[in-house]
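Model, not experiment: these values are computed from the prediction.
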Amino acid sequence: MTTARRAATKVPALARWLLAAALLLPTAPQAQVSAPSLPSTRSTSGATTAPATGQQTSAPAAGQGLSLPALSAGDMISTSRAGSATAAEGGPIAVGPIGEPGRSPGPATVVFGSALFTRGGPAASDTPNPNYTVLPGDRISITVWGFVEASIVTTIDTDGNVFIPQVGPVRLAGARAGDVQRVVETEVRRVYSQQVQVYAVLLSAGQVGVFVTGQVRTPGRHLGSASESVLDYLARAGGVDPGRGSYRDITVNRGGRTVARIDLYRFLLSGELPPLSLQQGDTILVPAQGAMVGADGAVRNNFLFEVTGRTMQGSELIRLAAPLPSATNAVIRGTRNNQPFSRYTTVRELAGVQLMDQDVVTFITDSPPPTVRVSVEGSRIGPSVLITDRDVTLCTVLDYIAVDPNLANTRGIFLLRPSVAAQQARVINEAMDRLERQLFLTVSPTTGVAEVRASEAQLVSSYISRARRTRPEGRLVVMDRGGRCADVRLEDGDVIVIPERVQTVLVSGEVMAPQAVLWRPNMSAQDFIRAAGGLAERGGDNQLMIRRASGELILEPTEPPQPGDELIALPRLDPKNFQLTRDLLNMIFQTALSARVFAN
């Protein structure tokens, strides 16, 4: 048999032994706070020995808090942190409003007011609104019946009158459209006081041509009704150009003089528009855009705001941007004297700052919360959410969690910490990245070895694709074998898990029938293995591991399992059966432990 054929026969063994071999490694990304041996202990029944006096106290009654001895400051084991900031070290944050969770807190790119002209210009209406002021050129329908009869449809003349036969001229210019009926009826009854009925209505307003020019998208002459507002004519002209036009100093010129100045911000913020009826030949002028100041971060209005003058008071920007209650500080970035400029202020100080053209103000939260939110799961009595001070420790919090000592396994308490889960995921991904580089960059000396490595690479690549979907639980071991807690400081989002007392031991790994076995006194590890059907073909008598309910791992145990423990039978392996490196085995071991998955 050639070398290539002999090597090829080992490829199926790789897939069979892949996970089993990994369990032999002694390291894992599972976080653990170790507790050294202390004079005080907590028994399984709940009896406690006070660390100061050494006097034994009785077990707590149902509903009492967990009173566990804490580690002294000198007993804590310091560990190095790999790169990421802790909750206390985290920098300022900028979170958008809860009504728009998907909005990016980044720089503002939209000019405040540009949403006014996102649709096309309106069509001229034939029916004016009741508040429209009647002007020369408008069409009126008048019907008179009774003692005399008349029906006319006419246009208001240049003097503002309409002529009714047998009545004479009636002035309507300047009246409201809703008052036409009353005005005509009053004039008719001056001549015919009785037995005459009148019906009068304004049919349509006359079309007027208005020039719209300046910084608009389509300047020119636009036709519409005199009853329409400046906004309607601006919309027909495509709206104010948001990159060049002003929303705050629009003028209406008539006969060479300015008859109105319009600030669209007043309309956007309070609904105010000047009462103006446009006439034939009027000109709406949109001047060049003024100074702009941007607001982003923790604000409700993430826009670019136009300044009425050359500068904007910080208080005005606060009013326009509406910072969220969580905003405590602001970062101002801009240009002063042709040099980059930045300033860091509180929101209160910002109110007195003069902001210049092209300044950008980022509102942030730069004050750490004084409390953290901790959840409690498992066997407990009372609330499942606790709000505590930032500097509180686990042992202190446990004193305020009520449990039933007959149901709660106080020796198996552990933490689920999101930051630890993220670190575990990073370690696994880094190991998989190293393995991928090794798989695809290793040079094979012969063709036979290349074929074997290609087969191995295909198997490992399939495993890597599944392993990348692993979601570590972030378990933090905080209890020692004597039931003492490590006085670790709690972080926001921590979950304190208090397991239930159980009377079983889970037997898994290389056994014939993995199952939960009822715990009995004086049972040894071999007794539990026999209760699970004995060792499988790859099992080894001296290769056992115990995982406590708290998550603590014990390799080569000298004591039998306790209720709630997991007894894992590790495989017996020959390293010569493998073509892969230690990185692969380390990666699989880390993945299995962080996800708490052990398969046969």
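- In this structure, the side chain of Q515 engages the main chain of A531 through a donor-acceptor pair within 3.5 Å.
- How far CD of Q562 is from CG of N409: 10.0 Å, rounded to the nearest 0.5 Å.
- You'll find the side chain of I428 reaches within 4.5 Å of the side chain of P472, heavy atoms only.
- Distance check, rounded to the nearest 0.5 Å: OG1 of T371 to CG of L386 gives 11.5 Å.
- When atom types are taken as modelled, the side chain of D480 and the backbone of G482 share a donor-acceptor pair closer than 3.5 angstrom.
- The residue from I496, V376, D494 that alone fulfils the side chain to side chain contact (heavy atoms under 4.5 Å, CB included) condition with V397 is I496.
- Remark: side-chain polar atoms of T328 are paired, donor with acceptor, to backbone N or O of D366 under 3.5 angstrom.
- Here R373 does not pair with D492 in a salt bridge; the nearest charged N to carboxylate O distance is not below 4.0 Å.
- In terms of modelled atom types and a separation under 3.5 Å, the side chain of S326 and the main chain of T365 share no donor-acceptor contact.
- Within 6.0 Å of CZ in R343 there are 12 or fewer heavy atoms belonging to other residues, nucleotides or ligands.
- Annotation: the span from L394 atom CG to L415 atom CG amounts to 5.0 Å, rounded to 0.5 Å.
- Put simply, CE on M545 and CG on L567 are 9.5 Å apart, with the number rounded to the nearest 0.5 Å.
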